[in-house]
**Student:** 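First the structure, which I've put down as structure tokens, then a few questions once you've had a look.
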Number of protein chains: 4
Amino acid sequence: MTVVGHNSVAGDQLRTVVERIERLEDEKKNVTADIKDVYAEAKGNGFDAKTLRKIVALRKLDEDKRKEAQAMLDLYAHAIGLDLI
Amino acid sequence: MTVVGHNSVAGDQLRTVVERIERLEDEKKNVTADIKDVYAEAKGNGFDAKTLRKIVALRKLDEDKRKEAQAMLDLYAHAIGLDLI
Amino acid sequence: MTVVGHNSVAGDQLRTVVERIERLEDEKKNVTADIKDVYAEAKGNGFDAKTLRKIVALRKLDEDKRKEAQAMLDLYAHAIGLDLI
Amino acid sequence: MTVVGHNSVAGDQLRTVVERIERLEDEKKNVTADIKDVYAEAKGNGFDAKTLRKIVALRKLDEDKRKEAQAMLDLYAHAIGLDLI
DNA sequence: CACTGGAAAATGCCGC
DNA sequence: GCGGCATTTTCCAGTG
């Protein structure tokens, strides 16, 4: 291990980790901004943002329910020795 | 315009908007998961997650401070124009 | 316990809780109104409301910064105890 | 007007205003904390906080409706030349 | 009166 | 498994 400067293996690792996180958070921020833009654009086309949000939330609920049903199916399939995947 | 089914221009627009939002939210969810993974991996390498989060937050805070300083500058310019104090 | 009417211990408790909350929310609303009044009065004395708000926010920010510094101190103490880096 | 130090009439006024606002905001903060405490205490007594919030919100809606009705009454009273207050 | 920004509430996550 | 905390979303006051 070199002691030149204040770097260390752990220090480099730390820097790498922090930068990876920051890059991902930037990405996330951009996606969030994109979503906001879509809502704004929809609003410009006469849609009510609040209602849109409700619709999206409801569809998400439905999807969750669907996934749950699928999980049930998998569970039962497994129980009878029929592994679907 | 066709009247087959229940489609309509507005309905198609709505569907498009909702689907765009859902795709973006999926993307966001994936990025969030990636961030979580990085934290988990770092933890596996001996880093403390809480400390990492703090470091990331602090670096963001610094950035915010720069922005705030700029805002102050603008404010003072305005205040001077008003001959406030 | 009396069974006259629909009251019950839980019902009375619920009523009490709700009323306490409502009284406090009224109080809060009054304080909010008072703050608004102070801003209005200050405006009448030639102060710019927006600037005043900024000043108040900045002073709060400074306080937050002090608290944040303390949190950092605690964190580092913890991190050293962990022999983190 | 004295020029000793950096004080000025406007400066003193500013300080006074800011301090009044800060005191009121502290008060508001305390009331908010009190409300939180009531919810926490209620939770300790077996009440569901989320449901409590819904109840409070609903009663508020009812009150608003009542106030609206009163406003209507006042309006009509005024229209027929009968000033209630 | 619509929009933006900041406070409050709901949700999800981590540690115990 | 749950309580506390951080994040996210929702809501409301202030602004132009």
Side-chain angles (χ1 to χ4, degrees), chain A residues 21 24-25 28-29 31-33 35-37 39-41 43-44 46-58 60-61 64, chain B residues 21 24-25 28-29 31-33 35-40 42-43 47-58 60-61 64 67-68 71 74-75 78, chain C residues 21 24-25 28-29 31-40 42-43 48-54 56-58 60-61 64 67-68 71 74-75 78 82, chain D residues 21 24-26 28-41 43-44 46 48-57 60-61 64:
Chain A
I21 291 168
L24 286 168
E25 293 207 332
K28 189 176 167 185
K29 204 175 164 185
V31 177
T32 301
I35 293 172
K36 199 178 164 183
D37 287 349
Y39 276 113
E41 185 190 327
K43 188 178 180 180
F47 290 104
D48 175 60
K50 195 173 173 180
T51 305
L52 276 179
R53 285 178 193 279
K54 283 234 185 301
I55 290 171
V56 172
L58 282 174
K60 197 173 172 185
L61 276 185
D64 287 351
Chain B
I21 292 168
L24 287 167
E25 293 207 332
K28 188 178 168 183
K29 203 174 164 186
V31 177
T32 301
I35 293 172
K36 199 177 162 183
D37 286 349
V38 175
Y39 276 113
K43 189 177 180 181
F47 291 104
D48 176 59
K50 194 173 174 182
T51 306
L52 276 179
R53 285 180 192 280
K54 202 78 189 171
I55 290 170
V56 171
L58 278 174
K60 199 192 295 180
L61 211 76
D64 289 350
K67 285 180 184 169
E68 183 65 27
D74 295 347
L75 178 69
H78 181 232
Chain C
I21 292 168
L24 286 168
E25 293 206 332
K28 190 176 166 185
K29 204 174 164 185
V31 177
T32 301
D34 287 348
I35 293 172
K36 198 177 165 183
D37 287 349
V38 175
Y39 276 112
K43 189 176 179 181
D48 176 59
K50 194 174 174 178
T51 305
L52 276 179
R53 284 178 192 280
K54 200 80 189 172
V56 171
L58 279 174
K60 198 192 296 183
L61 210 75
D64 289 351
K67 284 181 184 171
E68 184 65 26
D74 294 348
L75 179 69
H78 180 234
L82 281 175
Chain D
I21 292 167
L24 286 168
E25 294 207 332
D26 269 4
K28 189 176 167 184
K29 204 176 164 185
N30 288 335
V31 177
T32 301
D34 287 348
I35 293 172
K36 198 179 164 184
D37 287 350
V38 175
Y39 277 113
E41 185 192 327
K43 188 178 180 181
D48 176 60
K50 196 173 173 180
T51 305
L52 276 179
R53 284 178 193 279
K54 282 234 184 302
I55 290 170
V56 171
K60 196 173 173 185
L61 277 185
D64 287 350

**Student:** Check the pair Phe47(B) / Ile55(B) against side chain to side chain contact (heavy atoms under 4.5 Å, CB included), numbers first and verdict last.
**Tutor:** CA-CA 12 Å; Phe47(B) 291 104; Ile55(B) 290 170; over 6 Å; no
**Student:** Determine the minimum heavy-atom distance between Val31(A) and Leu24(B), stating which atoms define it.
**Tutor:** CG1-O, 3.3 Å
**Student:** When rounded to the nearest 0.5 angstrom, what is the spacing between CD1 in Ile21(B) and NZ in Lys60(A)?
**Tutor:** 12.5 Å
**Student:** To the nearest 0.5 Å, tell me how far Thr32(A) OG1 sits from Asp37(A) CG.
**Tutor:** 11.0 Å
**Student:** Would you classify Lys28(B) as touching base, sugar-phosphate or nothing, given that sugar-phosphate means primed atoms plus P, OP1 and OP2, and contacts are heavy atoms under 4.0 Å?
**Tutor:** sugar-phosphate
**Student:** Between Glu25(C) and Lys43(B), name the one whose nearest nucleotide on DNA chain E is closer to the 5' end.
**Tutor:** Glu25(C)
**Student:** Roughly how many Å is it from CG in Asp48(A) to P in dC11(F), rounded to a whole number?
**Tutor:** 12 Å
**Student:** Rounding to an integer number of Å, can you tell me how far Glu41(D) CD sits from dG3(F) P?
**Tutor:** 16 Å
**Student:** Assign Lys29(D) to base, sugar-phosphate, or nothing according to its heavy-atom contacts below 4.0 angstrom with the strands shown.
**Tutor:** nothing
**Student:** Distance check: side-chain N/O of Lys60(C) vs OP1/OP2 of dG6(E), anything under 4.0 Å?
**Tutor:** no
**Student:** Base, sugar-phosphate, or nothing: which does Lys54(B) touch, judged by heavy atoms less than 4.0 Å apart?
**Tutor:** nothing
**Student:** To the nearest Å, give me how far apart OH (Tyr39(A)) and P (dT9(F)) are.
**Tutor:** 9 Å
**Student:** Just to be sure I understand the rule, does Lys50(A) reach a base, reach only the sugar-phosphate, or reach nothing, if contact means heavy atoms closer than 4.0 Å?
**Tutor:** sugar-phosphate
**Student:** Please determine if a side-chain N or O atom of Arg53(D) lies less than 4.0 Å away from the OP1 or OP2 oxygen of dA10(E).
**Tutor:** yes
**Student:** Mapping Thr32(C) and Ala57(B) to their closest nucleotides on DNA chain F, which lands nearer the 5' end?
**Tutor:** Ala57(B)
**Student:** Just how far, in rounded Å, is P of dT9(F) from CD1 of Ile55(A)?
**Tutor:** 18 Å
**Student:** In whole Å, what is the span from the NZ atom of Lys36(A) to the C1' atom of dT8(F)?
**Tutor:** 14 Å
